[in-house]
There are 2 protein chains.
Amino acid sequence: MEKQTITIYDVAREANVSMATVSRVVNGNPNVKPVTRKKVLEVIDRLDYRPNAVARGLASKKTTTVGVIIPDISNAYFSALARGIDDVATMYKYNIILASSDGQTEKEVNVLNTLLSKQVDGIVFMGYHITDELRAEFSRSKTPVVLAGAIDPDQQVGSVNIDYAKACKEATELLAKNGNKEIALVTGSLLDPINGKQRLNGYKEALKEANLPYKEGLVFETVYDHKIVEDLAERIINSGATSAIVTQDVLALGILNAIQDRGIKVPEEFEIVTSNNTFLTEVARPKITTTSQPLYDIGAVSMRLLTKLMNKEEVEEKQIILPHGFKIKDSTKK
Amino acid sequence: MEKQTITIYDVAREANVSMATVSRVVNGNPNVKPVTRKKVLEVIDRLDYRPNAVARGLASKKTTTVGVIIPDISNAYFSALARGIDDVATMYKYNIILASSDGQTEKEVNVLNTLLSKQVDGIVFMGYHITDELRAEFSRSKTPVVLAGAIDPDQQVGSVNIDYAKACKEATELLAKNGNKEIALVTGSLLDPINGKQRLNGYKEALKEANLPYKEGLVFETVYDHKIVEDLAERIINSGATSAIVTQDVLALGILNAIQDRGIKVPEEFEIVTSNNTFLTEVARPKITTTSQPLYDIGAVSMRLLTKLMNKEEVEEKQIILPHGFKIKDSTKK
DNA sequence: GTGAAAGCGCTAACAA
DNA sequence: TTGTTAGCGCTTTCAC
């Protein structure tokens, strides 16, 4: 015989009250006489009653669940963001439906729709660039959306980022000040506005202020891949670069190793700066000088912003820029 | 004016059919005349109708959602498992509710109950040891549970693991064969049966077969923490050990660095073997010899097993042991 | 092949 | 302070 599920109705019957009263007790509604509350709580305990969140979601049109779209959960950058998102979500009693996109637009649209069909109260989106198609989907529903570490040119949805241009400019400035004439920039796809607009601009600006010419041959657009690192390092060296700014820690570490494996001394003969200050910059030898993005905070603040949006609170500014830092370690002369 | 949500009723009305027929079309039920199906699909498209998964969940008592309990999503070991879980879940059209436990029993019980209240169809649990309290909760509900990389002494729920004892024994054997008389074992909590039972036993067995005495002073029980590594490395060296087996890659890398920073040569003067073959073993210098656990597969197989359990398929064996490997790299003499 | 109607377990007016 | 009663949007018998 199947074990019968206990419903709110069973509790009401046993406690000699109405379903509404049980509902009030369960939801902490103060309009219940203490005696009644006590009686109901006893029955709930005795029957081992657990409210059915799905039924509740249907009736109230709130699921206390948010969707989180992530390109790759096993990527340290994204999982750091996810950690921040998750902690704040827990704090505000939300659960998270995690959906992987592999950074592919088609899948992004797909999972977005699945999440919406599951009636999530809001969505945090991590990814590279936001295609028009995706933006269209965002505005098609009234479910609030926040981008964590991604930029929406339209500024229709919320977003949390750092000032990538400034960060990249600072890194370039340091390398220029250290006497480098040939500074390589190694980034992800330039189609992604964070790279192609912000970072590239910051880089160019710093070059100009240092009276260094901008050379296309020093800009390396790449996707991270274990096998590509050796070849990439080779090309960077051949380009004549004496230093490099890398926008991803794993990649920077790979390049650092490849360069040193060739007998080139870091930082004496080659300097390298990276971008995310994950623990990889610490376990590398030498430790890598890095921009420090507050990854956890970007995630946390995104989720916090989303709670406000879901709650229909007034937010003065939906486009949040968090401060970043710069940590000089041992992969640069100073 | 609020945008009205389109329901199955709207579609039925517009298409001049009943809700039941629309439901059949949406669910791919073959008992619908092609003409009717076409008509309904057109209306669905025109109205931009999206089925409400919550309502569907309430009516059908299936949510196509599984709960995943994870100690720390930003930990490379767990996120590798999660990746495998997620991929297979997607393959079988399940969504994932991710719930963090920090490895604390209290939170584990807590999130388990939240997940059950959200009516997940099944649960994948990652964690260290399974307390009695947790086991009691597992058996309290009939929702299927699978442990990924964790052991249930009772064997009541499903689980996917490797043979940790054998893996640890192999590592010990290698170090013994290389001439080490003092082999340190650095593991997480010995209360966790994977460490305290399996790994420790494998270690002892290998020692015995190599005619080496077991010394308690060579067993280091530790939790990973950035700040503890220096001190730990110091203690390992002082213990007289000339080699170490470490059960966590980050930790192994930290120890490797700390030892080399002290001017000790690896592998000439100190050999080290680690356990998870994450990319960290590759970016380390020297690269670290390691047991290779098929992390992604453990996750993937767990989820696959769970789909069978949720589907009430017969499974001959709920306790799955996956094969592991051993990769000799540069942190051991051979 | 299709429709009518009874729930699924809960919330939220509204009334008392 | 409490109860009555519609739904929420869908699935699923059971008839026809």
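In this text the structure is predicted, and so the values were computed from the model without any measurement.
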So, does B:Thr21 get its side chain near the phosphate of C:dG3, meaning an N or O under 4.0 Å from OP1 or OP2?
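So the side-chain polar atoms of B:Thr21 do come within 4.0 Å of the phosphate oxygens OP1 or OP2 of C:dG3, strictly under.
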Taking [atom1] from [X] and [atom2] from [N], how many angstroms apart are they, rounded to a whole number?
X: A:Asn29; N: D:dT2; atom1: CG; atom2: P; result: 11 Å
X: B:Lys38; N: C:dT2; atom1: NZ; atom2: C1'; result: 19 Å
X: A:Asn31; N: C:dA13; atom1: CG; atom2: P; result: 14 Å
X: B:Ile44; N: D:dC10; atom1: CD1; atom2: P; result: 10 Å

Only counting residues at least two apart or in another chain, list the ones meeting salt bridge (charged side-chain N to carboxylate O under 4.0 Å, His left out) with [X].
X: A:Glu42; answer: A:Lys38
X: A:Asp121; answer: none
X: A:Asp102; answer: A:Lys107, B:Arg83

Produce the list of close N/O pairs, under 3.5 Å, pairing protein atoms with atoms of nucleotides 7-11 of chain C; give distances to one decimal.
unit_1	atom_1	unit_2	atom_2	d
C:dC8	O3'	B:Lys61	NZ	3.1
C:dC8	O2	B:Ala59	N	3.3
C:dG9	OP1	A:Thr5	OG1	3.4
C:dG9	OP1	B:Lys61	NZ	2.9
C:dG9	N2	A:Ala55	O	3.3
C:dC10	OP1	A:Tyr49	OH	2.5
C:dC10	OP1	A:Asn52	N	3.0
C:dC10	OP2	A:Ile8	N	2.3
C:dT11	OP1	A:Asn27	ND2	3.2
C:dT11	OP1	A:Arg56	NE	3.2
C:dT11	OP2	A:Ser23	OG	2.6

Gap between atom OG1 of A:Thr90 and atom CG of A:Asn95 - 0.5 Å precision
7.5 Å
Residues in ring pair (Phe, Tyr, Trp, His ring centres under 6.0 Å) with A:Tyr77, at least two apart?
none
Pairs in or reaching into residues 84-108 of chain B: which pass ring pair (Phe, Tyr, Trp, His ring centres under 6.0 Å), with residues at least two apart or in two chains?
none
